[in-house]
Amino acid sequence: MNNKKYFLITTILFSIFNSTSLFSVESKKTFIYCSEGSPSAFNPQVSTDGTSNNASTHTVYNRLVEFKYGTTILEPSLASHWKISKDKLTYTFFLRKDVKFHSTKYFTPTRNFNADDVLFSLNRQLIKTHPYHKIGGGQYQYFYGMEMHKLIKKVSKKSKYIIEIKLNYVEAPFLANMAMSFMSILSKEYADTLTMNNKMEDIDYFPIGTGPFIYKKYIKDTLIRYIKNTYYFKKHAKVDQLVFSITPEPNVRFLKLKVGECNLIIDPSPADIPYMKKEKDIKLIHAPGMNIAYLAMNVEKAPFNKPLFRKAINMALNRDTLIKAIYHGTAIPALYPLPPTVWGYPKDGVKQSYNPIDAKKIIDSLNLTEKEKNLELWTLPVSRPYNPNGKKMGELMQEDFRKIGINIKLISYDWPTYLKKARLGTHQFIQLGWTGDNGDPDNFLAVLLSCASIDSGSNVARWCNKDFDNLIIRAKKLTDIKTRQNLYIKAQKIFREELPWAPIAHSSVYRAMSTNVVGYKIDPLGGDIFSEVDLVK
Amino acid sequence: MIKYILKKLKHLLITLFGVSLLSFFLLRLIPGDPVMLLLGERGADPKIYKEMKVSLGLDKSIPVQYISFLKKAFQGDLGKSIISKQSVVQEFKDRFPATLELSMIAMIFALILGIPLGVIAAVKKNTWVDYVISSVSLIGYSMPIFWWALILMLIFSLNFMVTPVSGRISVLYDVDPWSGFLLIDTLTKESFSQYGFSAFWDAFRHLILPSFALGTIPLALISRMTRGSMLDVLNESYMRTAKSKGLSFYRIIFIHGLKNALIPIITVAGLIFGGLITGAILTETIFSWPGIGKWLVTSINARDYPVIQASTLFIATIIVLLNNFVDIMYAAINPKLRIK
C-alpha cells in the first residue's frame with residue numbers, strides 16, 4: 001500500500017515538474033539564439049567585439065551597401081546603386097526612398113530614411129566637432145582603425161536621396177569598408193529627438209535602425225529580445241521574435257541546445273563537437289573561417305633576421321599534429337597569410353613541408369651562438385577563435401624545435417600585457433592571429449605585414465619588405481579585382497620566400513542548431529545573421 | 001544602544017575607506033592595460049592610444065585618479081563601466097536582486113534541511129544515522145561547486161529533464177522587472193494577466209538547481225553546527241530537568257533543546273548569508289545567472305576598473321553591514337557587550 005502511495009506521489013510530482021501542458025506559454029514563432037556574452041552597446045560604430053556586432057549590425061541596422069548573405073560579394077542595400085568617378089576619388093550613392101526607421105516605445109519616426117541620416121552616421125565618427133562625436137566617449141575604434149578618417153575627405157548631401165563621398169586618396173577596398181558594421185546607418189531624426197530630451201547617450205543603447213528586427217528589450221547578462229520589422233524594405237524575417245539568450249559557458253550552451261532551450265548556439269567547444277555529431281536532433285555545420293593563426297618571428301632580432309633560420313623554423317613545425325591536437329581536426333594548415341576564403345589567395349600554393357631533418361641541417365649550417373639557440377616563445381594567454389589553446393600549442397612547438405636543436409622557453413603574460421609588449425617588439429617568437437573584417441586581402445596583408453603597421457603594433461614580426469609593401473600599396477589603389485588579385489598573389493610569394501611568420505592554421509567556424517532550423521548560413525565575416533532563418537516542424 | 005550603533009557605523013566608514021584604498025591600489029598592481037584590451041590584435045597608432053587613455057581618465061597619476069574617484073564617490077557617483085559605458089551604480093542595481101533572490105532561496109533550503117538533519121544526527125549520536133549524515137555533510141562541504149553544479153545539471157536537466165539548464169526564466173516569458181525578484185515580478189498584475197501562474201512556476205523551476213548547488217556548502221555547515229550545538233545543549237542540566245518532568249520527546253528536543261541550540265547557529269547563518277551573496281561567483285557563472293558574482297568576474301577579465309572598484313565596495317559594505325547587524329543583535333541580547 002505504502003509503495004503504491006509513494007509511487008503515486010512521485011509520479012504526480014514528476015509530472016508537475018516536467019509539465020509543459022499544465023503551465024505552458026502561448027508563443028509566437030520565436031527563434032532562440034544562445035549567444036556568448038552581453039553586448040557592450042547597440043551601435044556598431046562604438047563597439048568592435050563580435051558579441052555587440054551580432055546584437056545590432058544585422059538585426060537592427062543596414063548599411064548603404066552590404067555583403068550578400070553568406071558571402072563577401074557586395075550588393076546594394078540602403079543605396080539602390082552608386083557611381084564611382086573616373087579618378088576613383090568620388091563615390092556617389094543613390095539612396096532608396098521606401099525605407100522606414102523602426103517605431104518603438106521610445107521613438108516614432110515621422111519621415112522615411114534619407115541623406116540626412118547618412119550624413120549624420122558618417123559625420124558623427126568623422127568630424128570631431130560633431131555634436132554626437134563625444135557622446136559615449138568619442139572612441140570609434142573601427143572607423144579609426146580602418147583609417148577612414150584619413151581616407152574620407154568630405155561627405156556631402158547632393159539631394160534628399162543622393163550622397164557624395166570624396167576621398168583623399170584612391171582605395172580599392174572602400175566599398176567593402178562601407179559594408180562593414182561601423183558604417184551602419186542611424187536615424188538623424190531620432191538623434192535630434194534625443195538631443196531635445198537631453199538623452200543623447202541613449203543613441204548607443206536604445207537603437208533605432210532600418211533592419212529586419214526591432215529592438216524590444218535587453219536584460220543585462222540575460223537576454224536581448226527583438227520583434228520582426230513588418231515594414232522592412234527587404235524580404236521580411238521568417239520568425240516573429242528573435243531572442244538572444246546570453247549563455248557564456250560553451251558546455252552549458254550545448255546542454256541548452258540538447259534540451260531544446262536554444263535553437264542555435266554560437267561557438268561550440270571543439271571538445272564537444274564529436275558528441276554533437278552523434279546527436280540525431282542536432283545539426284552541425286561548419287565553414288572555413290576567415291582567420292589565421294601564426295607564429296611570428298621578430299625579424300629585428302637575431303637569429304630571426306636570417307631568412308634561412310626562419311625557413312628552418314617553418315620546416316620544423318608539424319602543422320598536422322597541431323591541427324589534430326589543438327583544433328581537434330577543425331582547421332586546415334595555413335600556407336599564406338590570407339585564408340583560402342579571401343579572393344587574393346594563391347590557388348597554386350604548395351603545402352609547407354614538414355622536414356625536421358633538413359631543418360636541422362640548415363640550423364647547423366648557420367653556426368648559431370648558444371644564445372641564439374635558446375629562445376623565448378610567447379604563448380597566447382587566451383582562447384581566440386583562431387587558436388583555442390596557445391599554451392598547449394606552445395608545448396608542441398617546443399618539442400618540434402627541440403628536434404632541430406633550438407631550445408624554447410615558453411612565456412606568457414595576461415592578455416593586455418601580452419598585446420602591449422608585442423606592440424613594443426620585446427618578443428622573439430610570438431603566437432598571434434587575426435580574423436578578417438571585410439573580406440578584402442588588404443585587411444590581412446596591410447594590417448599584419450605592412451611597414452606602416454609596425455608602429456600601430458599589429459605587425460608583430462616587425463618585417464618591412466619594400467617590394468611587398470609596394471605591391472600591396474599599388475593593389476589598394478586599383479579597383480580592378482583581377483589586377484589586384486595578381487598583385488596580392490605576387491606579394492604573398494614574397495612572403496613565402498621571406499617567411500617572417502610560420503603560418504599555422506585557419507580554423508573552421510562551427511555552429512550547432514536543432515534540426516528544425518532552416519535558412520541559416522555561416523557568415524564568412526564571422527557574424528550571425530538571422531534575417532532568413534526559420535523554424536520548421 | 002544608539003551610541004553603540006553609531007560607533008559601529010563609524011567603524012563601517014573606516015572599513016570602507018580602507019577597502020576603497022586597498023582595492024584601488026591593488027587593482028593597479030594587476031598587470032594589464034585596459035586600453036590594450038579594448039584594442040585587441042588590431043593595435044592603434046600612438047596618438048589614438050593616447051587619446052583613448054585620456055578619455056578613460058587613465059593618463060593621470062594613480063594618486064590623482066584615486067582622489068578623483070573618492071571625490072565622485074562621496075557624491076554618489078562611482079563612475080561608468082569602461083566596457084558598457086553605463087553607470088556602475090545602475091549596473092549593480094540591475095544585478096543585485098538576482099543574486100539576493102538566489103542567495104535567499106539557497107539559504108532557506110540550507111536552513112530547512114540543515115537544522116533537522118543536525119538535530120537528528122545529535123539525537124542519534126554515534127549510530128549509523130549520525131555517521132551517514134555527518135559523512136554526507138563532509139562530502140557536501142568538500143564538494144567543488146563547479147563540478148557539483150555540472151553534475152546536477154547533467155542529472156536533472158539533461159537526463160530527467162525536470163529542471164531548466166540555466167538562466168532565471170524561460171526566454172518565452174517577457175516579464176518586466178519591477179522589483180528585480182522574478183518570483184515577485186511574475187505575480188504582478190501585468191505578468192499574471194498574461195501568463196497566469198506559468199511564469200512564476202517557470203521562474204521557480206529555474207531557481208531549483210542553482211539554489212541547490214549554492215546551498216550545499218551552507219547546508220553541510222549548518223547541519224554540522226546544529227549537531228555540535230545540540231550535543232552541547234543535550235548535556236545541559238535543564239534538559240535533564242525537562243526529561244525528569246516527563247515532558248514529551250518533541251517538547252524536550254525542539255522547545256527546550258533546539259531553541260537554545262539555535263542561538264550560535266543563527267549568528268553563523270547571518271555570516272554564511274553574507275558569504276552567499278558575495279560568493280555566488282561560480283554558481284552564477286555555470287547557471288548563467290545574471291548576478292553580481294558573474295558581473296565581478298567579467299569585469300576583472302576586462303580590467304574594467306570602475307566596475308571592480310565599485311563592486312568591491314558594494315560587496316565589502318554588504319559583508320560589514322551583515323557583521324555589524326549580527327554584532328548589534330548580539331548586543332541587544334547581551335547588554336554586557338554594549339558596555340565593552
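Letters A, B, ... are given to chains in the order of the sequence lines, protein chains preceding strands, and every chain is numbered from 1.
Both the backbone and the side chain of B:T285 come within contact range of chain A, each with at least one heavy atom under 4.5 Å from a heavy atom of that chain. Heavy atoms of A:V243 lying under 4.5 Å from chain B belong exclusively to its side chain. Of the two parts of A:Y205, only the side chain, counted from C-beta on, holds a non-hydrogen atom closer than 4.5 Å to a non-hydrogen atom of chain B. Neither the backbone nor the side chain of B:D202 has a heavy atom closer than 4.5 Å to any heavy atom of chain A. For chain B, the nearby part of A:I32 is the side chain; its heavy atoms alone come within less than 4.5 Å. Heavy-atom distances place no part of B:I169 under 4.5 Å from chain A, backbone and side chain included. Only the side chain of A:N251 comes within contact range of chain B, with heavy atoms under 4.5 Å apart. Looking at B:S157, the atoms closer than 4.5 Å to chain A (heavy atoms on both sides) all sit in the backbone: N, CA, C or O.
Dense packing is recorded around CD of B:Q90, with more than 12 heavy atoms of other residues, nucleotides or ligands lying under 6.0 Å away. Surrounding OH of A:Y275 are at most 12 heavy atoms belonging to other residues, nucleotides or ligands under 6.0 Å away.
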Stepwise side-chain contact (heavy atoms from CB on, under 4.5 Å) check, B:M153 with A:K256: CA-CA 10 Å; B:M153 221 185 245; A:K256 285 178 86 166; over 6 Å; no
A:E261 and B:S170: CA distance, side-chain angles, deciding distance, side-chain contact (heavy atoms from CB on, under 4.5 Å) verdict: CA-CA 8 Å; A:E261 289 180 31; B:S170 162; over 6 Å; no
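Comparing B:D94, B:V165, B:L150 by how many heavy-atom pairs each has under 4.5 Å with chain A, the most go to B:V165. Counting heavy-atom pairs under 4.5 Å between each of B:P164, B:P177, B:G196 and chain A puts B:P164 at the top. Of the listed residues A:T247, A:T222, A:L255, the one with more heavy-atom pairs under 4.5 angstrom with chain B than any other is A:L255.
The nearest pair of heavy atoms linking A:K220 to B:P290 is O-CB, 3.6 Å. Minimum interatomic distance between A:E249 and B:I286 (heavy atoms only, all atoms of both residues): CG-CA, 4.4 Å. Shown here for B:K294 and A:P248, the closest heavy-atom pair between the two residues is CE-CG, 3.8 Å.
Scored by the salt bridge (Lys or Arg N to Asp or Glu O under 4.0 Å) test, B:D174 finds A:K216, A:K217, A:R225 as partners (sequence neighbours excluded).
Contacts classified as salt bridge (charged side-chain N to carboxylate O under 4.0 Å, His left out) and involving residues 95-105 of chain B (residues at least two apart or in different chains) are given here: A:D221-B:R95, B:E91-B:R95, B:E101-B:R168.
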